[in-house]
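Reviewing the structure listed below.
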Amino acid sequence: MNFITVESYDKLSKRAASLIAAQVLMKPNCVLGLATGSSPIGIYKKLIEWNRAGDLDFSKTVSVNLDEYIGLDGTNDQSYRYFMQTQLFDHVNILPENTYVPNGCAADLAKECEEYDARIERLGGIDLQLLGIGLDGHIGFNEPGDAFISPTHVIDLHESTIQANARFFASEAEVPRQAVTMGIGAIMKAKKVLLIANGKAKKEIVQKAFFGPITPAVPASILQLHPDLTVVFSEE
Ligand code: F6R
């Protein structure tokens, strides 16, 4: 594991964006696994800046996102599809047909999950997976539990995740209670994993996840077994 501590969110964003840019430069048709939430916003700003300056080309790049709320379609400004469009996709030259986010409104969610994993396989797997980490140790929406769940699946969000994500909604009551999430399988099969954690509040869970026992009670802890893991942490 390559554990990098930096002193500010800006440095975290630059450092992580550089690693993503390096991946795209070395393999323009790579598959990027992307995340939402507050942590990657600075990274996406940097990627937009470099793309606009002509230094980074996404025209051959494919993206697969980690997760989506159930019941929110891409027109809903709280959906993760909407987030990706407004924070990144609409501002860079990635082709719309090359961006995948799970469909949380699929009539048959079990089929959607199966198809999502099959698509990742067809694409040749993920070259670089970007992850944030929840205060409870979740990655994607793989919540703490009794076992690591490998395939893409539907999950009941834990109370602490609902509370943490309420800041993005008008009220806690509006936070969807379920989500579709890529499972631990596709994440662990990614050739590289880049996890970012920002802020004092994440310090304890980062300690547990990367320097404590590997347990499904802390889903991110499984990443200790990944052969190419980089963690960028800022306490700011
Ligand atoms: C988002 C995701 C989540 C977040 C995590 C941290 O696609 O999968 O695991 O990465 O909840 O969120 P922030 O960055 O808002 O603290």
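Just so you know, ligand 1 is whichever comes first in the structure, and atom 1 is the first atom listed for that ligand.
Among protein heavy atoms, atom 1 (C) of ligand 1 sits closest to Thr36 OG1, 3.1 Å. Counting protein heavy atoms only, atom 16 (O) of ligand 1 is closest to Lys202 NZ, 2.7 Å. Nearest protein heavy-atom neighbour of atom 10 (O) of ligand 1: Gly132 CA, 3.3 Å. Ranking protein heavy atoms by distance to atom 14 (O) of ligand 1, first place goes to Ser39 OG, 2.5 Å. When only non-hydrogen protein atoms are considered, atom 11 (O) of ligand 1 lies nearest to His138 NE2, 2.7 Å.
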Apply side chain to side chain contact (heavy atoms under 4.5 Å, CB included) to Leu195 and Leu223, showing your working. CA-CA 9 Å; Leu195 184 140; Leu223 297 171; 3.7 Å; yes

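Looking at Lys202, its side chain does come within 3.5 Å of a backbone N or O of Ile133 through a donor-acceptor pair.
The closest heavy-atom contact to atom 2 (C) of ligand 1, among the options Ile41, Asp67, Leu130, comes from Asp67.
Per-residue contacts place Ser38 under 4.0 angstrom from the following atoms of ligand 1 (heavy atoms of the residue considered): 13 (P), 14 (O), 15 (O), 16 (O). Every atom of ligand 1 is numbered from 1 in the order shown, and the set under 4.0 Å from a heavy atom of Gly140 is 2 (C), 3 (C), 8 (O), 9 (O). Short contacts between ligand 1 and Arg167, defined as distances under 4.0 Å to a heavy atom of the residue, involve ligand atoms 13 (P), 15 (O), 16 (O). For ligand 1, the atoms closer than 4.0 angstrom to any heavy atom of Leu66 are 8 (O).
Put simply, the side chain of Leu95 does not reach to within 4.5 Å of the side chain of Phe58, judged on heavy atoms. Contact of the Val193 side chain with the Met188 side chain is not registered, since no non-hydrogen atoms from C-beta on lie closer than 4.5 Å.
Under 4.0 Å from ligand 1, the heavy atoms of Ile133 that appear belong solely to its backbone.
Taking the six-membered ring where the residue is Trp, Phe169 and Tyr69 present perpendicular rings, their angle passing 60° and hence far from 30°.
Applying the ring pair (Phe, Tyr, Trp, His ring centres under 6.0 Å) criterion to Phe83, with sequence neighbours excluded, gives no partner residue.
Tested against Arg81, the residues Thr99, Thr36, Asn103 include a single side-chain hydrogen bond (donor to acceptor under 3.5 Å, both in side chains) partner, Thr99. Each of Asn65, Ile120, Ile139 was scored for a side chain to side chain contact (heavy atoms under 4.5 Å, CB included) with Met182, with one residue passing: Ile120.
In this structure, Met182 does not count as a contact residue of ligand 1, since none of its heavy atoms falls inside 4.0 Å of the ligand.
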